[in-house]
There are 2 protein chains.
Amino acid sequence: MLKLSKLTDYGIVVMTHLAQEPYQVHAAGDVAVATRVAVPTVSKVLKRLSRAGLLVSARGSKGGYRLGRMPAAISVAQVIDALEGPFAITECASDGGSCSQESHCAVRANWQRINDTVWHALAGVSLADMVMAPAGESVVPVSAITVRPARRASR
Amino acid sequence: MLKLSKLTDYGIVVMTHLAQEPYQVHAAGDVAVATRVAVPTVSKVLKRLSRAGLLVSARGSKGGYRLGRMPAAISVAQVIDALEGPFAITECASDGGSCSQESHCAVRANWQRINDTVWHALAGVSLADMVMAPAGESVVPVSAITVRPARRASR
DNA sequence: GGAATCAGGACTAAAGTGGTCCTGTATGTC
DNA sequence: GACATACAGGACCACTTTAGTCCTGATTCC
């Protein structure tokens, strides 16, 4: 569906939240409260981001998470990569099936170009950009952004 | 997962195939053979594209499909819109839940911008561009394009 | 020692997707 | 006019993916 998963959505929100205080350590519970996401869920996201190196974690009492580097050095694309793995707009249908025809496929080269363009669009936005958003209020997962009204048939 | 569905992948391939002979009418069965996609499946895709106005259909014997307008006037984004509905990178998690906070959400405006950028990247590629690809051989659904190796953690 | 907190993974329920099939309608041919 | 062909529209099922939770460790602070 060319849509980010909910966990990734949470990830962006969480990272944006942490970017507001880059040096402060936040416990998962606090992040959950601030973002209004359930603790186990936000915890899952935090762990993945940590493993990807985007966050630094501290165990034990007084432990928690903080950004692995400055907000300006972390892009939205990197967060997506961390939570969804290899960035690929399309994927081979029957694994090994039609895709054994890769050499014959005329659209492959173009997809690569398109994929790259999309990636750059996402790589061009850093957490610093996200923080500089309108309000300074709590960051809550949102979305449901429809750029254009379904060009859905005339019908 | 920020990934196109298989049907959409098929859609692009089908459209690219039809774009090679914009005025010729192709029966679903022929398209299936050319693209190596099962008839019922390719038929489903064709019907959706037709309803969206991207294809013109003709019933009855000697019937089939052809492009609704010239290849240069049909973009990849339009094909995606036709098959996946409203173009939205993100979607509100709990419908009505956290999203009732839209006015407070600091990331919304940025998502809109990002979403728009991605859309333009896809809108900038027409079927004419896709046809001008490398080989002139049969167009088969492919993909599995990984622009960059999962920036997956150091771990 | 005990409380707090992350690490890692297993597990389940729900949602989404892919793919097929059935019934109906329109059109060309004989 | 009968019949074969081909699209229209939707129902349906199997499978995969996703979201969300929970459990068992390991680590750190007080």
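Keep in mind it's a predicted model, so treat the numbers as computed, not measured. Quick note on labels: first sequence line is chain A, next is B, and so on, each numbered from 1.
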d([atom1], [X]; [atom2], [N]) in whole Å:
X	N	atom1	atom2	answer
L55(B)	dG9(D)	CG	C1'	16 Å
L7(B)	dG10(D)	CG	C1'	15 Å
R48(B)	dT20(C)	CZ	C1'	13 Å
L83(B)	dG18(C)	CG	P	10 Å
K44(B)	dT17(C)	NZ	C1'	8 Å
L49(B)	dA8(D)	CG	P	11 Å
L4(A)	dA19(D)	CG	C1'	15 Å

With the criterion being N/O to N/O and under 3.5 Å, what pairs connect the protein with nucleotides 2-7 of chain D, and how long is each?
{"unit_1": "dT5(D)", "atom_1": "O2", "unit_2": "S61(B)", "atom_2": "N", "d": "3.0"}
{"unit_1": "dA6(D)", "atom_1": "O4'", "unit_2": "G60(B)", "atom_2": "O", "d": "3.1"}
{"unit_1": "dC7(D)", "atom_1": "OP1", "unit_2": "A28(B)", "atom_2": "N", "d": "2.9"}
{"unit_1": "dC7(D)", "atom_1": "O3'", "unit_2": "S57(B)", "atom_2": "OG", "d": "3.4"}

Pairs of donor and acceptor atoms involving the side chains of residues 53-61 of chain B, under 3.5 Å and at least two apart or interchain, shall be tabulated with distances.
none

Quiz item: Should R51(B) be listed as having a side-chain N or O under 4.0 Å from OP1 or OP2 of dG10(D)?
Solution: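 True: R51(B) side-chain N/O within range (under 4.0 Å) of dG10(D) OP1/OP2.
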
Quiz item: Is the distance from OP1 or OP2 of dG20(D) to the nearest side-chain N or O of Y10(A) less than 4.0 Å?
Solution: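 Yes.
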
Quiz item: Who pairs with A19(B) by side chain to side chain contact (heavy atoms under 4.5 Å, CB included), at least two apart in sequence or on another chain?
Solution: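 For A19(B) the side chain to side chain contact (heavy atoms under 4.5 Å, CB included) partners, ignoring immediate neighbours, are L67(B), P71(B), L127(B), V131(B).
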
Quiz prompt | Heavy-atom donor-acceptor pair, K6(B) side-chain to dG19(C) base, under 3.5 Å | solution =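 Not at all, since no donor on one side and acceptor on the other fall under 3.5 Å apart.
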
Quiz prompt | Summary of ring-ring contact (aromatic ring centres under 6.0 Å, His included) pairs that have at least one residue in residues 22-43 of chain B, sequence neighbours excluded | solution =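 Passing the test, one end in residues 22-43 of chain B: H17(B)-H26(B).
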
Quiz prompt | Qualifying ring-ring contact (aromatic ring centres under 6.0 Å, His included) pairs with a residue from residues 41-62 of chain A, counting only residues at least two apart or across chains | solution =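 Of all non-adjacent pairs touching residues 41-62 of chain A, none passes ring-ring contact (aromatic ring centres under 6.0 Å, His included).
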
Self-check item: With sequence neighbours excluded, residues passing side chain to side chain donor-acceptor pair (under 3.5 Å) with S75(B)
Solution: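 Side chain to side chain donor-acceptor pair (under 3.5 Å) check on S75(B) returns nothing, list empty.
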
Quiz item: Between atom OG1 of T8(B) and atom NZ of K3(B), what is the distance when rounded to the nearest 0.5 Å?
Solution: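 Output value for this atom pair is 13.0 Å.
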
